[in-house]
Amino acid sequence: MEIPSELIEQLKTAKSVIFFSGAGISAESGIPTFRGKDGIWNKLRPEELANFDAFMRNPQLVWEWYNYRKSIVHQSKPNAGHLAIVEMEKYFVNVIVITQNVDNLHRRAGSKTIYELHGNIERNFCIKCKKRYDGELDFKDGIPKCKCGGLIRPDVVWFGEFLPADQFQLSEKAARNCDMFFIVGTSAIVYPAASLVHVAKSNGAFLVEVNIEETEASSLADVSLFGESGKVLPQIIELLKLIKS
Ligand code: BV8
Ligand code: ZN
């Protein structure tokens, strides 16, 4: 893919670089996106599953969905896109990953600074006493329960729920102070996460979109690289090896 000269110029001088990622970066790891043609929302309606009321109405169904997704995550591994973002840490003073994904792949890839806006599928907590229950849960009674009798739920942000305040505040601060803001594999329609694109833009950051198609963010991007992130991001690494050698 031809890398535009204005992007090359930015890569030469950038110090603080953010990678804002969505489900698309994990597509090449075999994890279905939400809204693409193989999207999981297409089969299962979000209003039925990713919200608290649905969980209280039918915790077993919601747990089946998360256990299904967890099984896919456990059979997946970080792809070349996740790994390229880790390697970017060699070429810039400050690299931060802000992810909407709950699949834990950026952490498994080895990224050092990750802000998880929508939680993490590997973490769980009791809805009554908030006790953390990470890793394997006991489903022998169908639904995992806490010692206090409360239901245990996945530690992910459902629709209508607030994002973890610390993660969102850190993300907003980073978006206000970065030189480059890569928007990787997201349809940029879920708020308030997608508002970070606007924060970065208003701070004067150079916006680079990496996606296989146009999105809500495309009109704000200074450069759109249309291609799979697992191929485009390693190509930027190859370029950096030349620029920074
Ligand atoms: C909230 C976790 C405050 C669970 C998810 C305005 C302001 C504030 C809120 C709202 C608002 N308008 C509407 C809302 C409500 C809602 C919202 O944004 N709805 C949307 C649908 C319109 N927001 C909320 O409810 C949020 N909370 O607002 O709280 C509040 C509180 C109380 C009362 C009122 C307000 C909470 C949102 C979080 C929901 N949780 N997930 C779980 O995962 O199970 S959302 C879900 O969507 C995932 O987290 C996912 O990450 C996120 C975004 O989706 P994407 O990652 O972008 O994935 P998608 O499939 O859409 O796109 C994939 C992209 O990849 C595509 O562009 C595709 O082209 C591309 N791609 C595919 N393959 C590749 C690729 N790109 C590159 N390479 C490839 N190989
Ligand atoms: Zn409890």
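These numbers were taken from a predicted model, which means no experiment stands behind them. Every number for a ligand or one of its atoms is a count from 1 in the order of the listing.
When heavy-atom distances to ligand 1 are checked against a 4.0 Å cut-off, Gln100 comes that close through both its backbone and its side chain. Counting heavy atoms under 4.0 Å from ligand 1, residue Ala27 touches it through the side chain alone. Neither the backbone nor the side chain of Ile25 has any atom closer than 4.0 Å to an atom of ligand 1 (non-hydrogen atoms only). Contacts between Glu161 and ligand 1 below 4.0 angstrom, taking non-hydrogen atoms only, involve the backbone exclusively. Contact annotation for Thr215 and ligand 1: only side-chain heavy atoms (C-beta onward) come within less than 4.0 Å of the ligand. Heavy atoms of Val102 found under 4.0 angstrom from ligand 1 belong exclusively to the side chain.
Under a 3.5 Å cut-off, the side chain of Asn104 and the backbone N or O of Ile121 do not form any donor-acceptor pair. Glu209 places no side-chain N or O within donor-acceptor distance of the main-chain N or O of Ala221, the cut-off being under 3.5 Å. Proximity of a side-chain donor or acceptor of Asn101 to a complementary backbone N or O of Ala23 within less than 3.5 Å is detected. A donor-acceptor pair is defined here as one N or O able to donate and one able to accept, closer than 3.5 Å; such a pair exists between the side chain of Ser29 and the backbone of Lys77.
Every atom of ligand 1 is numbered from 1 in the order shown, and the set under 4.0 Å from a heavy atom of Glu28 is 78 (N), 79 (C), 80 (N). Listed by number with element, the atoms of ligand 1 under 4.0 Å from a non-hydrogen atom of Ala23 are 55 (P), 56 (O), 58 (O). When each atom of ligand 1 is checked for a heavy atom of Tyr66 under 4.0 Å away, the hits are 4 (C), 42 (C), 44 (O). Atoms of ligand 1 lying under 4.0 Å from any heavy atom of Gly185, numbered from 1 in the order shown and given with element: 63 (C), 64 (C), 65 (O), 76 (N). Atoms of ligand 1 found under 4.0 Å from any heavy atom of Glu213, numbered from 1 in the order shown, are 69 (O). Per-residue contacts place Pro192 under 4.0 angstrom from the following atoms of ligand 1 (heavy atoms of the residue considered): 28 (O).
Between His82 and His106, the two ring planes are perpendicular [angle over 60°; tilted spans 30° to 60°]. Taking the six-membered ring for Trp and thresholds of 30 and 60 degrees, Phe139 and Trp63 have ring planes more than 60 degrees apart, a perpendicular arrangement.
Between the choices Gly227, Ser21, Gly24, Gly22, the shortest heavy-atom distance to atom 75 (C) of ligand 1 belongs to Gly24. Distances from atom 40 (N) of ligand 1 to the heavy atoms of Asn211, Val156, Leu49, Val157 put Val157 nearest. Heavy-atom proximity to atom 7 (C) of ligand 1, evaluated over Phe159, Phe34, Tyr191, Phe226, is greatest for Tyr191.
Vertex the Zn ion (ligand 2), arms ending at SG of Cys146 and SG of Cys129: the angle is 110° after rounding to 10 degrees.
Remark: ligand 1 and Val210 share no N or O pair separated by less than 3.5 Å (distance only, no angle test). Considering backbone and side-chain atoms together, Ser229 places an N or O closer than 3.5 Å to an N or O of ligand 1.
Shown here is Lys145, whose NZ atom has no more than 12 heavy atoms of other residues, nucleotides or ligands within 6.0 Å.
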Checklist entry - Step by step, would you call Phe182 with Met180 a side-chain contact (heavy atoms from CB on, under 4.5 Å)? => result CA-CA 6 Å; Phe182 283 79; Met180 293 184 83; 3.9 Å; yes

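Looking at Arg69 and Asp103, no side-chain N of the basic residue comes within less than 4.0 Å of a carboxylate O on the acidic one, giving no salt bridge. In summary, Glu122 and Arg108 do not engage in a salt bridge, as defined by a charged side-chain N under 4.0 Å from a carboxylate O.
Glu9 contributes atom CD, which lies 8.0 Å from atom CD1 of Ile243 (distance to the nearest 0.5 angstrom).
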